[in-house]
Structure formats: C-alpha cells, structure tokens
Amino acid sequence: MDNEKEEFFGLLLRLELEHLEDMPEYFPKVQSAIKQADDADDTYYRLYFRFAYASELMFHDDAAKSIPIASEFSSIFEEHPEIAEDETNCEMYLFVMLYAIEAAENLPQIPLSQWEGLMEKYLELTKRFNKGLRDYYMQKCSFYIDIDSKKSYDYYQKYLETPGEPVTFCEACDLSYGVMVNLKTGNYEKSKEYEQKLKNCGGCESATRRTAFTYLNYAINNEDYKTAKRYAKDLIKTDINEKSTLKYAGEVIRLFAHTNMNNAPV
C-alpha cells in the first residue's frame, strides 16, 4: 500500500471556501481544509484555514469557538518563527487573538484571569510585530464600558492618541465606539455628534448595529420607550438572527418585555 501523503491543494481549497462564506456548508469545508493542511504539514495553510475558521465563527456563528482556534494558531506560529517574516502572517495572528479576546469578554463563564492572559499575550505580540497597540486600547475600552465608564473613556482617548493604524481599522467602528463611550459617560450631545459622523461616513453593519444597540439600551434604562422602539427597528434591520448577534436580539426582546411582549418580533 502506498504510504505517501495525498497531494495537497491549499490554494484551491481557499478559493472554494471563499465561495462558501456565509453559507452552512462553510464550516464542514473549513474543518476539512484544516485537517488536510495539518496532514500535509503545510505551515501557512495550517494557519490560514484556522484564521478563516475563526473569522467566520466570529461574525456568523458561535464566537466562543474561536478561543481554542486561537490557541492552536498560536502554538503552530510559535513552532515556526520563520513564518513571521511575512507581515500578513503576523496580522493574521493579531486578528485571531483579537477574536478570542472579544469572545472571552462576552462570556461570563470565562474567568477574568483567562481574559487578562489573552490581553497580555496580545500586548506582547504588538511589541514583537510593532503594530496593533491601538486595538489593545480599544479592547480595554470595550471591556470596561459597563464596569467603569471613566476608565473606558480614558482607554478610548489612548486609542485615538496612539500613532499608527489599528489592525482592525474601520472608520465607522471608530465612530460607533465614540458614540458608546460618550453616552456611557454622560456626554449625550457628544455621542449624537459621533452618530451623525457615522451616518455621514456610510458605516458598516457592525458599527450600525453597535450604535443602535447602545442607544436602545440607553433608552430602555431611561424608560424612553418611544426612542427605544425607533432604535430597535434600526437594530432589527441589521440582521440579528445569528448566533453571533444574540445579545442584540436579547435587547430587542427586553424592550418588548417592558412594552408589549405579544408584539415582539421573535
């Protein structure tokens, strides 16, 4: 029996996956691609397919699954330091770690020490690759937003003041965080200025969703249900029917629990 490895076509698998994004068939296909890359011991595609898997999980499925994927990615990368010679591979590493950090932040069952460990690892990577520090401050801003709004605001200012472009740069997302931190720290008028800038720049769905959620939460907490209903409609338009958007759907349901549960869009 021939014991030679089967021929591996990483690029072909990559192209096939790109045609399956946002589709149910994507996950079994990318899991198969990971196995094939592992069997072929192809370092680049072992990393790339894990990055692709984590990305799809983050935006369209169960983001928590990206945490063990990030751990696998890290182990492979550290075993092959020569891979860092390509800047794109370093950026994939930073992205995967950011996915894990964001997922851990939103899981109450994850101990604080684990989140802190992920943040320490990410900070070490920013120093090694000389990029991504602004994203570190943004993650800190996001983490503290409901714990210590003043500290969150300070981290947002550090994010704005730190030189260099963030790994995950998106002007709309920048503005949506401006809405969030200003609203949480009592600067309502300033938050509306950021919201108008967001509308003017066109935005992305994540930024629009985050902004609508922020104002919906604020309106419910202040028993302003007329305003809350308007933002709930904006939030529903952004498609909140996936596993990755459950917290947004939950806030809409919370509104109807305060008003008329029989008319809740669930």
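Excluded from the calculations below are hydrogen atoms, water molecules and symmetry mates; all remaining heavy atoms, backbone and side chain alike, are included.
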* Keeping the roles fixed (side chain from Ser142, backbone from Gln139), state whether a donor-acceptor pair exists under 3.5 Å. => no

* To do: Determine yes or no for a side-chain-to-main-chain donor-acceptor pair under 3.5 angstrom, with Thr208 supplying the side chain and Cys204 the backbone.
  => yes

* Using the ring of Phe49 (Phe, Tyr or Trp, six-membered ring only), decide whether Lys35 places NZ or CZ under 6.0 Å from its centre and within 45 degrees of its axis. => no

* Any Glu189 side-chain heavy atom under 4.5 Å of Asn182 side chain -> no

* To do: Establish, from distance only, whether the side-chain atoms of Ser32 and Gln36 form a donor-acceptor pair under 3.5 Å.
  => yes

* Asked: So Tyr48 and Tyr44, would you call those rings parallel, tilted or perpendicular, with 30° and 60° as cut-offs?
  -> parallel

* Asked: Taking side chain as C-beta onward, heavy atoms only, is Tyr218 less than 4.5 Å from Met180?
  -> no

* Asked: Hey, does the side chain of Asn217 reach the backbone of Phe213 with a donor-acceptor pair shorter than 3.5 angstrom?
  -> no

* **Leu13 side chain reached by Lys29 side chain, heavy atoms, under 4.5 Å** => yes

* Are side-chain heavy atoms of Met92 and Arg50 found at a separation under 4.5 Å? -> no

* Asked: Does Thr211 reach the main-chain N or O of Ala207 with its side chain, forming a donor-acceptor pair under 3.5 Å?
  -> yes

* Using modelled atom types only, decide if a donor and an acceptor are shared between the side chain of Ser71 and the backbone of Ile67 within a distance under 3.5 Å. => no

* Asked: Hey, does the Lys NZ or Arg CZ of Lys197 hover above the aromatic six-ring of Tyr194, less than 6.0 Å from the centre and inside 45° of the axis?
  -> yes

* **Verdict with supporting geometry, Asp174 and Tyr159, side-chain hydrogen bond (donor to acceptor under 3.5 Å, both in side chains)** => CA-CA 9 Å; Asp174 274 12; Tyr159 168 80; 2.3 Å; yes

* Are the side chains of Glu56 and Val30 in touch, meaning some heavy atoms are under 4.5 Å apart? -> no

